[in-house]
J.: 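Could you have a look at this structure, given as structure tokens, before my questions?
All values below come from the heavy atoms of this structure, side chains included, with hydrogens, waters and symmetry mates left out. Residue numbers run from 1 in the order of the sequence given.
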Amino acid sequence: MADAPNIPDEAEVRARWGNFAWTDENQRKANEILARYPKGREQSCSIPFLDLAQRQVGAETQTQGWLPVPVIEFVARQLGVAYMRIYEVATFYTMFNLAPVGRYHVQVCGTTPCMLRGSDDVLAACKNKGLIKGKTTPDGLFTLTEVECMGNCASAPMVQINDDNFEDLDYDRTVTILEALARGESPKTGTQEPGRHTVEPIGGPTTLTAMVGENHDYRGEWGA
């Protein structure tokens, strides 16, 4: 379901990112991350190192960030492992971008629970705001990707935009979020359902409410 990345020309990528290195701040973060893992197990911090590298690229490009091949090679050298070991991780997780993305990476869940709850309407809203799956808008603001389940089935349909989840969406709510981001605002994250705070039932709890505040003694019933 994930769209194939449109990777730029290799010569251009190496010219831009061939000398990638941690910033002073990220070097300190990398040292802290690496210190969490035993000697000889450095490969175990592939994911946090790739995440840190992607965030640094994002900060330098004013986007959500991505992982050019020279950056992946840099991470492999930092960990002392073969490039392919790190590339395997980067290509497995959709949290890592293998091609440039916009300032806001809109990842729409299209798996069954979200689909049954209206993810097609979410994608339609994105389309009608000029977003095209697998592409970045001409202004560089939005990149749209359809992804697999991201674990918010109880508040479907949902999208992840950069580090934030937006849940309980419909067409109009999706449009509102996209328009707010385009204006440089920070729309409310999480559920968009009024009165709902997490994933409790809409309308309030319905289970075990009769036991709240009661002090039952079941020892006789269970023979204790």
Side-chain angles (χ1 to χ4, degrees), residues 1-8 12-13 16-17 23 50-68 71 93-111 113-199 202:
M1 187 178 295
D3 304 290
N6 184 18
I7 300 176
E12 295 178 6
V13 171
R16 172 66 178 85
W17 300 105
T23 63
L50 287 171
D51 179 70
L52 185 62
Q54 179 166 277
R55 291 177 186 276
Q56 180 170 317
V57 171
E60 294 182 20
T61 59
Q62 295 300 300
T63 68
Q64 203 262 337
W66 68 294
L67 292 171
V71 174
Y93 294 99
T94 56
M95 64 185 282
F96 298 125
N97 305 313
L98 300 182
V101 295
R103 184 178 301 173
Y104 301 109
H105 187 193
V106 181
Q107 300 181 80
V108 179
C109 178
T111 313
C114 278
M115 180 189 69
L116 293 174
R117 290 276 294 164
S119 64
D120 286 349
D121 292 335
V122 175
L123 285 169
C126 292
K127 179 179 179 181
N128 288 341
K129 295 303 294 183
L131 282 65
I132 300 173
K133 276 204 303 181
K135 305 293 183 181
T136 300
T137 53
D139 58 8
L141 204 56
F142 295 104
T143 299
L144 177 62
T145 307
E146 184 176 0
V147 297
E148 294 292 344
C149 181
M150 291 191 283
N152 291 81
C153 306
S155 50
M158 63 83 64
V159 302
Q160 179 178 322
I161 303 179
N162 292 2
D163 289 331
D164 295 317
N165 287 354
F166 298 86
E167 308 153 32
D168 288 313
L169 296 176
D170 57 21
Y171 182 96
D172 292 334
R173 290 171 179 175
T174 304
V175 168
T176 297
I177 291 167
L178 295 176
E179 289 179 345
L181 291 172
R183 293 192 298 267
E185 300 172 2
S186 298
K188 175 184 178 296
T189 60
T191 178
Q192 304 298 304
E193 186 67 32
R196 198 181 197 196
H197 301 289
T198 53
V199 291
I202 295 176

J.: Do D170 side-chain atoms and D172 backbone N/O form a donor-acceptor pair below 3.5 Å?
T.: yes
J.: Over all heavy atoms of both residues, which pair between R117 and P157 is shortest? Give the atoms and the distance, please.
T.: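 In terms of heavy atoms, the two residues are closest at O-CD, 3.2 Å.
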J.: Contact between Q64 and R103 at the side-chain level, heavy atoms closer than 4.5 Å - yes or no?
T.: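 In short, these two side chains do not touch, never coming nearer than 4.5 Å.
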J.: What pair of heavy atoms forms the shortest contact from G130 to T137, and how long is it?
T.: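 Reported closest heavy-atom pair: O-CG2, 3.7 Å.
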J.: Step by step, work out the side-chain contact (heavy atoms from CB on, under 4.5 Å) result for L181 and L141.
T.: CA-CA 9 Å; L181 291 172; L141 204 56; over 6 Å; no
J.: Evaluate the side-chain proximity of E179 to V175: yes if any heavy-atom separation is below 4.5 Å, no if none is.
T.: yes
J.: Do Q107 and V159 come close enough that some side-chain heavy atom pair is under 4.5 Å?
T.: no
J.: When rounded to the nearest 0.5 angstrom, what is the spacing between CZ in F96 and OG1 in T94?
T.: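 Separation between the atoms: 9.5 Å.
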J.: Locate the shortest heavy-atom distance separating C109 from C149; write the atom from each residue and the value.
T.: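 In this case the closest contact between C109 and C149 is SG-CA, 3.8 Å.
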J.: Hey, are the side chains of N152 and Q160 touching, using non-hydrogen atoms and a 4.5 Å cut-off?
T.: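 SC-SC contact between N152 and Q160 ruled out.
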J.: Once you round to the nearest 0.5 Å, how far does CD1 of I177 lie from OH of Y104?
T.: 12.5 Å
J.: Just how far is it from atom CG of L144 to atom NZ of K133, taken to the nearest 0.5 Å?
T.: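 Reported value, rounded in 0.5 Å steps: 7.5 Å.
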J.: Of the non-hydrogen atoms in P68 and V13, which two are nearest, and what is the gap between them?
T.: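 Heavy atoms of P68 and V13 come nearest at CB-CG1, 3.6 Å.
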J.: Looking at K127, I'd like to know if its NZ atom is crowded, meaning that more than 12 non-hydrogen atoms belonging to other residues, nucleotides or ligands lie closer than 6.0 Å.
T.: no
J.: Rounded to the nearest 0.5 Å, what's the gap from CH2 on W17 to CG on L67? Could you check?
T.: 10.5 Å
J.: Can you list every salt bridge (Lys or Arg N to Asp or Glu O under 4.0 Å) pair that touches residues 52-61, not counting sequence neighbours?
T.: R16-E60, D51-R55, R55-D163
J.: How many angstroms lie between atom CZ of R173 and atom NZ of K188, to the nearest 0.5 angstrom?
T.: 9.5 Å
J.: Can you confirm whether C114 sits close enough to T111 that some side-chain heavy atom of one is under 4.5 Å from a side-chain heavy atom of the other?
T.: no
J.: For A99 versus W66, what's the shortest heavy-atom pair and its separation?
T.: O-CB, 3.2 Å
J.: Which residues satisfy the salt bridge (Lys or Arg N to Asp or Glu O under 4.0 Å) test with E185, sequence neighbours excluded?
T.: R183
J.: Tell me which one of T145, T63, N162, T136 satisfies side-chain hydrogen bond (donor to acceptor under 3.5 Å, both in side chains) with H105.
T.: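 Checked T145, T63, N162, T136 against H105; only one passes side-chain hydrogen bond (donor to acceptor under 3.5 Å, both in side chains): T145.
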J.: To check you understand the geometry: which heavy-atom pair defines the closest contact between L178 and F142, and what is its length?
T.: O-CZ, 3.5 Å
J.: Quick one: are S155 and F166 in side-chain contact, heavy atoms under 4.5 Å?
T.: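 No, their side chains stay 4.5 Å or more apart.
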J.: State whether the side chain of D120 and the backbone N or O of M115 hold a donor-acceptor pair below 3.5 Å, judged by distance alone.
T.: no
J.: Flag yes if more than 12 heavy atoms outside L116 fall under 6.0 Å of its CG atom; otherwise flag no.
T.: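 Result for CG/L116: enclosed.
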J.: Indicate whether the side chain of E167 and that of T191 have a donor and an acceptor atom separated by less than 3.5 Å.
T.: no
J.: Heavy-atom distance under 4.5 Å between the side chains of D121 and T174, does that happen here?
T.: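 Side-chain contact under 4.5 Å: no.
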J.: Can you find a pair of side-chain heavy atoms, one from T143 and one from K135, that are under 4.5 Å apart?
T.: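 When only atoms from C-beta onward are counted, K135 and T143 do not touch, as no gap falls below 4.5 Å.
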